[in-house]
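Let me begin by handing over the structure; questions about it come next.
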Amino acid sequence: MTKAICLNADIGELTGANGRALDRALLDVVTRCSIACGGHAGDPESMAATVKAADARNVPMGAHPSYPDREGFGRKEMKLSRVELSATLLNQVRALAAITRERGVAISHLKPHGALYNTAARDEDTARTIVDVTVQSRIPLLIGPLNSRLQAAADYAGLPYLSEGFADRAYEASGGLTPRTMDGAVIESDADRIRQALQIASSGTVTTRTGETIDLAVRTICMHGDTPGALASARSIRDALQHAGISVIAVEP
């Protein structure tokens with residue numbers, strides 16, 4: 001049986017005309033996208049342009065909220081109460097929802113960004129807050145790390161969940177992503193990104209930064225839109241997956 005994988009990108013994060021052009025080009029390649037909605041990046045103009053581009057290509061679009069950390073691009077963990085975190089996430093999601101409603105399209109999923117994503121993988125309160133925001137916002141799907149607190153919270157709430165791996169990030173033996181503060185956290189070689197995506201999609205495993213092979217049976221693979229060379233890598237990854245007989249589609253749980 002032919003395997004299938006979803007290829008997704010986080011977009012709407014880079015500024016100006018070049019940022020919007022990159023988003024449009026990535027949307028010609030990926031089968032899902034997550035749109036920055038003001039916490040770490042993005043503004044009404046970028047959200048509107050990105051929603052329009054995704055809709056024109058029939059690419060399911062999701063909300064990509066974060067800690068309110070524009071200075072640090074959402075990559076610094078913040079100590080917020082559940083009430084504070086819920087409020088900022090709801091504000092971000094509602095900003096995007098106002099734009100999607102105006103265009104007559106729906107938010108298909110929610111995927112937390114950066115430090116929030118990593119915190120939700122291990123912290124139950126953060127995970128439950130994200131699940132609550134997703135349910136309250138009537139978003140039908142959550143994307144996040146495999147075998148995590150976030151996945152457990154989604155399962156408990158009966159919220160469909162799409163487990164995710166990364167083509168451009170190194171993994172530790174624990175199954176977590178290598179912290180960006182460490183050398184080698186971001187995979188820079190196009191060939192290595194392709195190799196990792198193929199391994200994840202074809203065998204449900206990944207080779208860690210230190211050489212171990214661990215299980216990573218995920219349903220979607222992300223190529224970060226702000227990673228240098230993202231577009232060329234996304235194109236090459238999609239071609240390599242299809243050449244290997246793996247369908248690239250907007251997989252559902």
Side-chain angles (χ1 to χ4, degrees), residues 2-36 41-42 46-47 49-64 73 105 108-109 111 113-114 117 143 145 162-171 177-178 180 184-207 209 216-252:
T2 302
K3 294 184 177 181
I5 196 82
C6 171
L7 184 60
N8 80 80
D10 304 334
I11 60 175
E13 296 179 325
L14 302 181
T15 60
N18 289 341
R20 303 292 73 74
L22 174 62
D23 291 341
R24 291 192 297 271
L26 281 167
L27 285 165
D28 288 330
V29 181
V30 300
T31 54
R32 279 190 184 273
C33 69
S34 302
I35 301 173
S46 67
M47 284 187 273
T50 310
V51 166
K52 179 180 178 180
D55 184 33
R57 292 159 177 79
N58 294 314
V59 176
M61 63 193 83
H64 196 39
F73 202 70
V105 295
S108 71
H109 66 266
K111 174 187 166 182
H113 167 81
Y117 185 101
I143 294 179
L162 207 61
S163 55
E164 179 181 49
F166 292 88
D168 56 354
R169 291 296 312 279
Y171 282 84
L177 295 172
T178 300
R180 285 182 179 266
V186 177
I187 297 172
E188 298 181 354
S189 161
D190 193 52
D192 287 341
R193 294 170 183 172
I194 297 167
R195 186 179 303 111
Q196 180 153 299
L198 278 172
Q199 181 182 355
I200 292 170
S202 62
S203 70
T205 67
V206 70
T207 302
R209 177 182 59 87
L216 196 71
V218 298
R219 306 295 306 285
T220 185
I221 296 173
C222 177
M223 184 68 223
H224 286 102
D226 67 308
T227 299
L231 177 58
S233 291
R235 287 171 172 162
S236 297
I237 287 167
R238 178 163 184 150
D239 288 346
L241 290 169
Q242 292 177 324
H243 183 74
I246 298 168
S247 298
V248 182
I249 61 174
V251 170
E252 300 289 343

Glu164/Lys111 salt bridge by N-O under 4.0 Å criterion: yes

Separation between CG of Asp23 and CD1 of Ile11, rounded to the nearest 0.5 Å: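 Rounded to the nearest 0.5 Å, the CG-CD1 separation comes to 4.5 Å.
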
Check whether any side-chain heavy atom of Ile237 sits under 4.5 Å from a side-chain heavy atom of Met223, and report yes or no.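 Yes, close enough: below the 4.5 Å cut-off.
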
Check whether any side-chain heavy atom of Thr220 lies under 4.5 Å from a side-chain heavy atom of Ile143, and answer yes or no. yes

With sequence neighbours left out, write down each residue that passes ring-ring contact (aromatic ring centres under 6.0 Å, His included) with Tyr171, or none if nothing qualifies. none

Considering all heavy atoms, the nearest Leu241-Ala197 contact: CD2-O, 4.1 Å

Taking atom types as modelled and ignoring hydrogens, do the side chains of Arg193 and Ser233 form a donor-acceptor contact shorter than 3.5 angstrom? yes

Hey, is Lys52 close enough to Asp55 for a salt bridge, meaning N to O under 4.0 Å? no

Between CG on residue Asn8 and SG on residue Cys33, distance to nearest 0.5 Å: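 With rounding to 0.5 Å, CG (Asn8) is 9.0 Å from SG (Cys33).
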
Shortest non-hydrogen pair, Ile194 vs Ser236, comes out as CD1-CB, 3.4 Å

Test of understanding: with side chain to side chain donor-acceptor pair (under 3.5 Å), list the residues that count as partners of Thr31, not counting sequence neighbours. none

Would you kindly say whether Gln199 and Thr207 are connected by a side-chain donor-acceptor distance under 3.5 Å? yes

Side chains of His109 and Leu162, heavy atoms from C-beta outward: is any pair under 4.5 Å? no

Over all atoms of both residues, closest heavy-atom pair of Arg235 and Ala25: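 In terms of heavy atoms, the two residues are closest at NH2-CB, 4.4 Å.
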
How far does NE2 of His243 sit from CG of Leu198, to the nearest 0.5 angstrom?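 Going from the NE2 atom of His243 to the CG atom of Leu198 covers 9.5 Å.
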
Who pairs with His113 by ring-ring contact (aromatic ring centres under 6.0 Å, His included), at least two apart in sequence or on another chain?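 By the ring-ring contact (aromatic ring centres under 6.0 Å, His included) rule, His113 matches His40, His64, Phe73.
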
Where Glu13 and Ala36 come nearest, the two heavy atoms and their spacing: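 Reported closest heavy-atom pair: CG-CB, 3.8 Å.
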
Leu14 vs Asn18 side-chain heavy atoms within contact, under 4.5 Å: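 Leu14 vs Asn18: side chains apart.
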
Applying salt bridge (charged side-chain N to carboxylate O under 4.0 Å, His left out), name anything that partners Arg24, two or more places apart in sequence or on another chain. none

Please check if the side chain of Thr227 supplies one atom and the backbone of Ala230 the other of a donor-acceptor pair under 3.5 Å.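 Checked: no pair found.
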
Please list all pairs meeting ring-ring contact (aromatic ring centres under 6.0 Å, His included) that have one or both residues in residues 217-240, counting only residues at least two apart or in different chains.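 For residues 217-240: Phe166-His224.
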
Hey, does Cys222 have a side-chain heavy atom less than 4.5 Å from the side chain of Asp10?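 Heavy-atom side-chain distance check passes, below 4.5 Å.
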
Given Gln242 and Ser247, is the side chain to side chain donor-acceptor pair (under 3.5 Å) satisfied, shown in steps? CA-CA 6 Å; Gln242 292 177 324; Ser247 298; over 6 Å; no

Might you point out which heavy atoms bring Gly12 and Thr50 nearest each other, and give the distance in Å? CA-OG1, 3.9 Å

In Å and rounded to the nearest 0.5 Å, what is the CD1 to CG distance from Ile200 to Leu216? 5.0 Å

Working to the nearest 0.5 Å, report the span between CD1 of Ile221 and CD1 of Ile5. 4.5 Å

Before giving the answer on side-chain contact (heavy atoms from CB on, under 4.5 Å), spell out for Ser46 and Arg20 the whole-Å C-alpha distance, their side-chain angles and the decisive distance to 0.1 Å. CA-CA 7 Å; Ser46 67; Arg20 303 292 73 74; 3.7 Å; yes

Charged N to carboxylate O below 4.0 Å: is that the case for Arg32 and Glu252?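 Result for this pair is yes, salt bridge flagged.
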
Any side-chain heavy atom of Leu27 within less than 4.5 Å of one from Val59?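 Yes; the side chains approach each other to less than 4.5 Å.
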
Is there a donor-acceptor pair under 3.5 Å between the side chain of Arg209 and the backbone N or O of Leu177?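 No; zero donor-acceptor contacts below 3.5 Å.
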
Going by side-chain contact (heavy atoms from CB on, under 4.5 Å), Leu7 matches just one of Leu26, Val30, Val251. Which one?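 Filter result, single survivor: Val30.
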
Answer yes or no: are there more than 12 heavy-atom neighbours, outside Glu188 itself, under 6.0 Å from its atom CD? no

With sequence neighbours excluded, residues passing side chain to side chain donor-acceptor pair (under 3.5 Å) with Ser202: none

